[in-house]
Student: 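Structure incoming, see below.
Just so it is clear, the structure is predicted and the values come from calculations on it, not from any experiment. Hydrogens, waters and symmetry mates are skipped; everything else that's a heavy atom, side chains included, is used.
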Amino acid sequence: MSTQTLMTSIDIYCERTDAGYWSEPINALTNLSFILAALWGYWTYHRLHKKNGETKGDILILITIFMAGLIGVGSFLFHTHAQVWSSFADVIPIWTFVAYYLFLAIYRIVGTSLTRAFRIYGITLICIIAVLFAFSRFLLASNATDAGGDGLNGSSQYLPGIIALYGFALVLQLRKHAARGWILAAAIVFTISIFFRTIDMRVCSAFPLGTHFLWHTLNGLFIALLLQTLVRFGRKSAR
């Protein structure tokens with residue numbers, strides 16, 4: 001990919017009106033929600049770590065908290081620079097967090113062995129790829145077009161995440177796991193946030209600011225709930 005291509009401007013959000021750095025101030029600033037989610041997660045981790053007299057840090061959870069903060073940094077870069085290179089800075093931290101958290105949730109929250117966690121994780125990834133592939137074929141067949149190319153402003157990529165979340169919540173409910181309410185709340189918040197991401201470009205004429213900033217705000221809450229679940233129920237001493 002050439003430097004010229006990487007520097008190509010991207011305009012897919014209602015708030016942006018030109019290629020300027022500060023053309024999306026609300027979309028940019030609401031990325032603070034991810035930083036706050038990470039800080040809350042670390043505060044809870046530190047409090048429980050100290051309360052339980054744990055002498056060693058839990059590096060797996062600390063990495064997750066750090067990744068959550070990187071989501072806010074990457075998204076801020078994208079909504080200020082709004083170029084191809086910054087879109088990678090936006091997307092890579094998000095999907096890295098999702099992939100890492102998914103495995104850790106299976107291993108630590110559900111409480112399976114490491115070998116079984118890898119096996120379940122692999123099956124889950126295959127299912128997610130299958131859903132994405134099937135949906136992409138459906139979109140091609142239906143000729144869906146809009147700013148995101150999928151009829152949903154690019155939100156279809158999160159469909160497997162929604163399915164996985166509600167599936168995870170169901171598993172925890174069947175097991176009467178103490179974390180089930182946290183995961184269900186996270187799933188509901190994520191569903192609402194995707195709705196606001198999807199309608200952003202469709203409401204421009206009536207609401208020029210758009211609704212993408214609500215996607216950021218609610219996603220910050222979503223990430224915060226996931227971190228709280230992991231910190232409270234996924235520590236070694238909590239298993």
Student: Got a sec, which pairs hit side chain to side chain donor-acceptor pair (under 3.5 Å) with one end in residues 175-185, sequence neighbours left out?
Tutor: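 Qualifying pairs, neighbours excluded: Gln173-Arg180.
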Student: Quick check against the 3.5 Å criterion: does Asn31 have a side-chain atom that pairs as donor or acceptor with the backbone of Asn27?
Tutor: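 Yes, because the side chain of Asn31 sits within donor-acceptor range (under 3.5 Å) of the backbone of Asn27.
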Student: According to a hydrophobic-cluster definition based on side-chain heavy atoms being under 4.5 Å apart (Ile, Leu, Val, Met, Phe, Trp, Tyr only), do Leu172 and Ile162 belong together?
Tutor: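 Yes, Leu172 and Ile162 fall within the same hydrophobic cluster.
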Student: For the residue pair Phe190 and Tyr158, does the interplanar ring angle fall in the parallel (under 30°), tilted (30 to 60°) or perpendicular (over 60°) class?
Tutor: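 Aromatic pair Phe190/Tyr158 classed perpendicular.
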Student: Check Ile35 against Gly69 and note the closest heavy-atom contact, atom names and distance.
Tutor: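 So the two residues come closest at CD1-O, 3.4 Å.
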Student: So which atom in Ile109 and which in Ala179 form the shortest heavy-atom distance, rounded to 0.1 Å?
Tutor: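 Heavy atoms of Ile109 and Ala179 come nearest at CG2-CB, 4.2 Å.
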Student: Which class fits the ring pair Tyr21 and His81: parallel under 30°, tilted 30 to 60°, perpendicular over 60°?
Tutor: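 Correct class here is perpendicular.
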Student: Just by distance, do the side chain of Tyr107 and the backbone of Gly234 share a donor-acceptor pair under 3.5 Å?
Tutor: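 Checked: no pair found.
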Student: Taking all non-hydrogen atoms of both residues into account, name the closest pair between Ala37 and Gly220 and its distance.
Tutor: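 Where Ala37 meets Gly220 most closely, the heavy atoms are CB-O, 3.4 Å.
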Student: If hydrophobic clusters are built by linking Ile, Leu, Val, Met, Phe, Trp and Tyr wherever their side-chain heavy atoms come under 4.5 Å apart, do Phe76 and Trp85 end up in the same one?
Tutor: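 Cluster IDs for Phe76 and Trp85 differ.
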Student: Between Asp18 (side chain) and Gly20 (backbone), is there a donor-acceptor pair under 3.5 Å?
Tutor: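 Present.
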Student: For the OG1 atom of Thr64 and the CG atom of Leu104, what is their distance to the nearest 0.5 Å?
Tutor: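 That separation rounds to 5.0 Å.
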Student: Using atom types as modelled and distance alone, determine if a side-chain donor or acceptor of Ser23 lies under 3.5 Å from a backbone N or O of Arg16.
Tutor: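 No, the answer is negative, given that no donor and acceptor are paired below the 3.5 Å cut-off.
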Student: Taking atom CZ of Phe66 and atom CD1 of Ile71, what is their separation to the nearest 0.5 Å?
Tutor: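 Going from CZ on Phe66 over to CD1 on Ile71, the span is 11.5 Å.
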Student: What do the steps show when you test Thr8 against Thr5 for side-chain hydrogen bond (donor to acceptor under 3.5 Å, both in side chains), and what is the final call?
Tutor: CA-CA 5 Å; Thr8 301; Thr5 299; 5.2 Å; no
Student: Where the side chain of Tyr45 meets the backbone of Arg232, is there a donor-acceptor pair that is under 3.5 Å apart?
Tutor: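 Pair absent, no side-chain N/O of Tyr45 close to backbone of Arg232.
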Student: Hydrophobic clusters here meaning ILVMFWY residues chained together by side-chain heavy-atom distances under 4.5 Å, can you tell me if Tyr166 and Leu170 are in one?
Tutor: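 Different clusters: Tyr166 never reaches Leu170 through Ile, Leu, Val, Met, Phe, Trp or Tyr contacts under 4.5 Å.
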Student: Does Ile12 form a side-chain contact (heavy atoms from CB on, under 4.5 Å) with Met201? I'd like the steps, not just the answer.
Tutor: CA-CA 8 Å; Ile12 57 174; Met201 292 298 287; 5.7 Å; no
Student: Quick check: do Leu29 and Phe213 have side-chain heavy atoms less than 4.5 Å from each other?
Tutor: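 Counting from C-beta outward, Leu29 and Phe213 never come under 4.5 Å.
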Student: Do Ile223 and Trp95 share a hydrophobic cluster, counting only Ile, Leu, Val, Met, Phe, Trp and Tyr and linking them when any side-chain heavy atoms are less than 4.5 Å apart?
Tutor: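 Cluster IDs for Ile223 and Trp95 match.
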Student: When you compare the side chain of Phe34 with that of Leu70, does any pair of heavy atoms fall below 4.5 Å?
Tutor: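 Sidechains of Phe34 and Leu70: no contact.
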Student: Taking side chain as C-beta onward, heavy atoms only, is Phe88 less than 4.5 Å from Leu77?
Tutor: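 No, their side chains stay 4.5 Å or more apart.
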Student: Measure the spacing between CG of Leu214 and CG of Asn219 and express it to the nearest 0.5 Å.
Tutor: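 If I round to the nearest 0.5 Å, the distance is 11.0 Å.
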Student: Could you report the tightest heavy-atom contact between Gln83 and Leu6, atom names first, then the distance?
Tutor: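 Smallest heavy-atom distance, with atoms named: CB-O, 3.8 Å.
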Student: Would you say that Ile128 contacts Leu102 through its side chain, given a criterion of any heavy-atom pair below 4.5 Å between the two side chains?
Tutor: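 Answer yes - side chains close enough.
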Student: Please name the residue in the list His216, Glu24, His79 that meets the side chain to side chain donor-acceptor pair (under 3.5 Å) test with Thr30.
Tutor: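 Of all the options given, the one that passes is His216.
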Student: Side chains of Met67 and Thr96: does their closest heavy-atom pair fall under 4.5 Å?
Tutor: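 The answer is yes; the side chains approach within 4.5 Å.
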Student: Does Tyr13 reach the main-chain N or O of His212 with its side chain, forming a donor-acceptor pair under 3.5 Å?
Tutor: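 Flag not set: sc Tyr13 to bb His212 has no pair under 3.5 Å.
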Student: Taking Asp200 for its side chain and Thr211 for its backbone only, find out whether a donor-acceptor pair lies under 3.5 Å.
Tutor: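 Checked: pair present.
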Student: Say you draw a straight line from CD of Gln228 to CG of Leu221; how long is it, rounded to the nearest 0.5 Å?
Tutor: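 Reported to 0.5 Å precision, the distance equals 10.5 Å.
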Student: Working to the nearest 0.5 angstrom, can you tell me the gap between Ile63 CD1 and Tyr100 OH?
Tutor: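 Going from the CD1 atom of Ile63 to the OH atom of Tyr100 covers 4.0 Å.
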Student: Are Thr229 and Tyr101 side-chain neighbours, meaning at least one heavy-atom pair lies under 4.5 Å?
Tutor: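 In short, these two side chains touch, coming nearer than 4.5 Å.
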Student: Rounded to the nearest 0.5 Å, how far apart are OG1 of Thr217 and CH2 of Trp215?
Tutor: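 Interatomic distance, Thr217 OG1 to Trp215 CH2, rounded to 0.5 Å: 12.0 Å.
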Student: Could you see if Val98 belongs to whatever hydrophobic cluster contains Ile129? Use Ile, Leu, Val, Met, Phe, Trp, Tyr and a side-chain cutoff under 4.5 Å.
Tutor: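 No: no chain of side-chain contacts under 4.5 Å links Val98 to Ile129.
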Student: Heavy atoms, side chains only, cut-off 4.5 Å: are Arg119 and Thr112 in contact?
Tutor: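 Heavy-atom side-chain distance check fails, nothing below 4.5 Å.
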Student: I need the minimum non-hydrogen distance between Val189 and Leu218, along with the two atoms involved.
Tutor: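 It is CG1-O, 3.2 Å.
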Student: Could you give me the CA-CA distance, side-chain angles and deciding distance for Asp90 and Ile10, then say whether side-chain contact (heavy atoms from CB on, under 4.5 Å) is met?
Tutor: CA-CA 13 Å; Asp90 178 38; Ile10 297 175; over 6 Å; no
Student: Which heavy atom of Tyr121 sits nearest a heavy atom of Ala99, and at what distance?
Tutor: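 Answer, listing the atom of Tyr121 first, then Ala99: OH-O, 2.9 Å.
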Student: Checking Leu227 against Phe222 for the side-chain contact (heavy atoms from CB on, under 4.5 Å) test, could you report, in this order, the C-alpha distance in whole Å, the side-chain angles of both residues, the deciding distance, and whether it holds?
Tutor: CA-CA 9 Å; Leu227 288 179; Phe222 163 64; over 6 Å; no
Student: Look at the side chain of Ser75 and the backbone N and O of Gly72, then say whether any donor-acceptor pair between them is shorter than 3.5 Å.
Tutor: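 No, Ser75 side chain to Gly72 backbone: no donor-acceptor pair under 3.5 Å.
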Student: Please test Ile61 against Arg108 for side-chain contact (heavy atoms from CB on, under 4.5 Å), starting from the C-alpha separation and ending with a verdict.
Tutor: CA-CA 10 Å; Ile61 289 182; Arg108 286 288 191 83; 4.0 Å; yes
Student: Would you check if the side chain of Ser86 reaches a backbone N or O of Ala89 as a donor-acceptor pair within less than 3.5 Å?
Tutor: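 Judged by distance alone, no pair lies under 3.5 Å.
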Student: Between Ile192 and Ile188, is any pair of side-chain heavy atoms under 4.5 Å apart?
Tutor: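 Yes, their side chains come closer than 4.5 Å.
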